[in-house]
Structure formats: C-alpha cells, structure tokens
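Just the heavy atoms: all of them, side chains too, but no hydrogens, waters or symmetry mates, feed the values below.
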Amino acid sequence: MQIPRFIQIHTLHTYPAALLNRDDAGLAKRLPLGDAVRTRISSQCLKRHWRVTEDAFALANLDVPMGIRSRGTLELIAKRLQENGLSAPLAQAAAEALREGGLLDKGGKDKKGEDALKTGQAVLLGKPEIDYLVNYCTELAAVNTDEKALKTAVGEWLQAEKKSKNLEALKHGSGLESALFGRMVTSDLLTSRDAAVFVAHAFTVHQAQVENDYFTVVDDLLQDAGELGSAGIFDTELASGLYYGYVVVDVPQLVQNLEGMDFKKCFAVGASPEQRALAARVVQNLLHLIATVSPGAKRGSTAPFDWAKFMLVEAGDWQPRSLAAAFHNALSLEDSSAPIRQRAVGKLTAEIAAMDDAYGAPLARRFLSVDPVSVPGAERLNLTQLADWAKGIIEQGAC
C-alpha cells in the first residue's frame, strides 16, 4: 500500500454539568438513537473549535495560510484597498464590482454603501485569495482613477479570470480550513474543495442526563441598599455525559487538497515523501486537537474542559466504518459491575472484534486510554506517541 487511504479516530470524552452545544431554543442538542434519546455535539461545533484553537498544536501554526469565513469579506477587501491608498469611493466601487462580477453571491445588490458589501451568506475565502484580489484591484485602480472606469476594469478582469483560472491555481489559496473540511461555492471564480476530514456528531453512550438550572443575578447596589438584590431570574439546561466521537481523514484527498496533485494518481501511484509531509503534520496536530480541545457554550460558568479518556486510531485502505453501533442500546447508568468508561471501551472492543471476524478488515491500530483496557490488535500509547505514529505512517506511505 503506497499510502494509508483512511485514518479513523474514535474518542470518548466526559463532560459534567455543561451546555456544550445549544439548539435554536437554547437547549442542549439531542439525538434519538436506539432505545434512548442522547445529548449530542454537532460536527460544526467540533470543527469550529478545532479550527480556531490557539495552542502548541493550533492549525494556524502550520505552513498553510488560514481562511476567513464571513459575510463581510468584501468590506474587508474595501478596507484593505483604502490601506493601499485608494479613496473610500474607489475602494467601494472595486468591492462592489467584485460582487457584481460573480465572485460572491449578490446578497447586497439592491443596497447602498457598506450594506451593499454584505453577502447573503458567510463564504470561506483563503487569505491568499483575498491578497490576490486586493493586489490586483490596487493595480487596476492605478490606471482607472474614477469609479465607473474601475468598476468596468474589475468586471472585465473577472471575466478573464473565469477563463484563466488564476485563482484556482493559487497553491493553498482557499486556506487550510477548506483543505480539511471542504468548501462549496457557486462562483465560477473560486475553487470548490471536497472535504478530506469527515466529522460525525458526538453523542452520549447512555441516555441523556439533562437538568434545568435555575439561577439569579444579584444586583450589588440594590443589596447594599438593604433590598434582596435580585436583578433577574433565569434558567438554562445543563447536561452531563460520556460522549463517543468519530472522525475520518481521507489521506489522499488531504494530500491533493494541500499539494494540488491528482487524487487518483495519489492513491494508485503514491505521493512522494515531500508531498506527504504537510498532510502528515496536519494529521499529527489534528489528533492533538481532537483529544484535548473542548467545545462548549457557557464556558465561564461551567468550565467544560476535558481531555479524551480513550482514543483509538485506525489506519488502512478499506472504506471507513463507525463504531457507533456499539452504543445503539444505551449503556445503563445503574450498572455497577464496572465504571461506565470501561464498559464503553468494552462495547467498542466487542464491536471491533465482531467486525474483524465478519470482514477481516486489515487495519493497523493504536490507542490511548486512562483506564486499564485492551483493544484487539492494538498497542497502547500516550498522545504524543499516538500522534507521531499517525504522522509516521503518512510520511512513510504505509501502515
């Protein structure tokens, strides 16, 4: 095998008295599964926190520019054009021309001023793409000094861009986020990206444990005046649970997104060590983030921080398969035969053994655990060793 096609990551995290992810009513998100309703954490929530975390293994520390997801990207471009010396009207005209030329959706086409630069939806643009647009518009403004002429010049340039595909050719142009999690665009100018990292919604392995938290806000000045001092009465939901998480990395797709090489060639022939090196480091960092970064609303009042109590990493070229079926029947919270974490790992290992027996899938495995457990065919490692192992098999092109 020239390169491991898929790396699968399974985790167990524990969160007590937290509101990790809320729905439109402000309640803990839920998921019906098997014989019980569970609480869950959406994949969007998980990805967002991995993306923006600032620590030693932050994605921003890698040699790939990040991106900006916003409805106000055209406003940012207009601001940077002014910083390059354009007058406010010229910068506004250039940004409006980018919108009207089909770069982004035309959500502000009937509005005036700054409102005209607000797009209808948040669009992810890589910083190299934004730099390219700002620099070219600056050059055009140097020879088109009135607003109408600049708008025409920008529109003509965008039409030429559709044929030349210079934006598409920018290496790492759309940013690391789109290389990992994909980007869907309707513009003829921007490049869509197939996701290389697939993230499932995490859910509790047992029935949902949710409580309504009633609380008051104390008014210090009222209390000093001799009154009761309550400035408001509120309530919110808090949930506790042991969550199963599942992530899949499509390694050849990641190499393609990062290096611009053909996906089929990457899988069939194998990428060079140099072409695999960045993808290996991305996965190494991602494993640290998945294990140690916690999502969650109400951080200030619940401190919902946890590191994975169990993490299993599998590598191979078979199509991925989740182990969520191990928890189709919710684990009993009344069972005192063993701690729930150990029972959860037992369910996972039983599912692995059953799947291996049925399919004989040749997967290489390593795992991390804070409890004394074992996994079929897997060596126990600490997090640094586990991340280095995943990095190594991508660099070496075999597992």
Side-chain angles (χ1 to χ4, degrees), residues 1-14 46 50 56-57 180 196-200 202 205 242-255 270 273 276-293 306-327 341-357 359-399:
M1 178 167 50
Q2 294 296 320
I3 190 168
R5 175 69 193 275
F6 296 106
I7 290 180
Q8 302 181 70
I9 305 156
H10 313 265
T11 57
L12 292 172
H13 281 84
T14 301
L46 293 167
W50 299 336
F57 296 97
L180 293 174
V197 179
F198 317 125
V199 183
V205 302
L242 176 62
Y243 290 80
Y244 169 71
Y246 178 59
V247 178
V248 178
V249 180
D250 184 331
V251 178
Q253 184 68 58
L254 181 59
V255 173
R276 295 194 299 265
L278 180 56
R281 288 170 50 221
V282 168
V283 171
Q284 180 187 34
N285 281 31
L286 188 61
L287 277 171
H288 279 272
L289 296 173
I290 291 171
T292 63
V293 173
D306 186 51
W307 294 350
K309 299 302 186 292
F310 176 82
M311 178 181 243
L312 169 66
V313 180
E314 301 179 298
D317 61 352
W318 283 47
Q319 285 290 307
R321 53 60 187 132
S322 168
L323 298 175
F327 307 113
R341 288 203 311 249
Q342 292 185 31
R343 287 190 283 128
V345 175
K347 285 285 189 180
L348 288 174
T349 56
E351 186 77 6
I352 290 171
M355 296 291 281
D356 284 357
D357 184 58
Y359 291 96
L363 296 174
R365 298 187 181 105
R366 301 290 187 274
F367 76 98
L368 166 160
S369 179
V370 300
D371 299 310
V373 298
S374 60
V375 177
E379 178 185 352
R380 185 175 177 178
L381 304 173
N382 64 33
L383 178 58
T384 298
Q385 293 168 333
L386 191 61
D388 288 348
W389 175 74
K391 175 176 179 281
I393 62 175
I394 295 174
E395 288 176 333
Q396 297 157 19
C399 57

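- Here the straight-line distance linking atom CZ of R321 with atom OH of Y359 works out to 10.5 Å at 0.5 Å rounding.
- Heavy-atom minimum distance, Y246 versus P320: OH-CB, 3.4 Å.
- P376 has its side chain within reach of T349: a pair of non-hydrogen atoms, C-beta onward, lies under 4.5 Å apart.
- Between L312 and L323 the shortest side-chain heavy-atom distance falls below 4.5 Å.
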>> Please evaluate residues I394 and V249 with respect to the criterion side chain to side chain contact (heavy atoms under 4.5 Å, CB included), reporting the C-alpha separation (whole Å), side-chain torsions for both, the decisive distance (0.1 Å), and the verdict.
In response: CA-CA 11 Å; I394 295 174; V249 180; 5.9 Å; no

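- Applying the side-chain hydrogen bond (donor to acceptor under 3.5 Å, both in side chains) rule to H13 yields no partners; only residues at least two apart in sequence or on another chain are considered.
- Contact check for V248 versus I9: no side-chain heavy atoms found under the 4.5 Å cut-off.
- Qualifying ring-ring contact (aromatic ring centres under 6.0 Å, His included) partners for F198, counting only residues two or more places apart in sequence or in other chains: none.
- In this structure, the side chains of F367 and F310 come closer than 4.5 Å at one or more pairs of heavy atoms.
- Between the CZ atom of R276 and the CD1 atom of I393 there is a distance of 11.0 Å, given to the nearest 0.5 Å.
- Although no hydrogens or angles enter the test, the distance criterion places no donor-acceptor pair under 3.5 Å between the side chain of D317 and the main chain of P4.
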>> Run the side chain to side chain contact (heavy atoms under 4.5 Å, CB included) test on F57 and T292 for me, step by step, so that the C-alpha distance in whole Å, both residues' side-chain angles and the decisive distance to 0.1 Å come before the verdict.
In response: CA-CA 10 Å; F57 296 97; T292 63; over 6 Å; no

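- Using a 4.5 Å heavy-atom cutoff, the side chains of V375 and L348 are not in contact.
- With rounding to the nearest 0.5 Å, the separation of CZ in R341 from NZ in K309 is 6.0 Å.
- Under the 3.5 Å distance criterion, the side-chain polar atoms of Q385 are matched with a main-chain donor or acceptor of N382.
- Ring orientation note: the planes of Y244 and F327 are tilted relative to one another, at an angle of 30° to 60°.
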>> Apply side chain to side chain contact (heavy atoms under 4.5 Å, CB included) to residues L254 and L180 and explain how you reach the verdict.
In response: CA-CA 7 Å; L254 181 59; L180 293 174; 3.8 Å; yes

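- Here the closest non-hydrogen pair linking V370 and R380 is C-NH2, 4.0 Å.
- Side chain of Q8 to backbone of A315: no donor-acceptor contact under 3.5 angstrom is found.
- Within the 4.5 Å cutoff, the side chain of V313 has heavy atoms near those of the W389 side chain.
- With salt bridges taken as basic N to acidic carboxylate O contacts below 4.0 Å, none links K347 and E351.
- In this structure, the separation between CG on D357 and CD1 on I352 is 13.5 Å, given to the nearest 0.5 Å.
- Here the straight-line distance linking atom CD1 of I290 with atom CG of L46 works out to 9.0 Å at 0.5 Å rounding.
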> Could you walk me through whether R281 and K391 pass the side chain to side chain contact (heavy atoms under 4.5 Å, CB included) check?
Replying inline: CA-CA 6 Å; R281 288 170 50 221; K391 175 176 179 281; 3.8 Å; yes

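- We find that E379 and R366 are joined by a salt bridge, their nearest charged nitrogen and carboxylate oxygen being less than 4.0 Å apart.
- Between M311 and L12 there is no side-chain heavy-atom pair separated by less than 4.5 Å.
- Every side-chain hydrogen bond (donor to acceptor under 3.5 Å, both in side chains) that Q284 has, sequence neighbours left out, goes to D388.
- Side-chain contact between E395 and V283 is absent, with no heavy-atom pair separated by less than 4.5 Å.
- Separating the OG1 atom in T14 from the CG atom in L242 is a distance of 4.5 Å, to the nearest 0.5 Å.
- Residues V373 and S369 share a closest heavy-atom pair of CG2-OG, 3.2 Å.
- When all heavy atoms of L287 and A387 are compared, the pair lying nearest together is CD1-CA, 3.7 Å.
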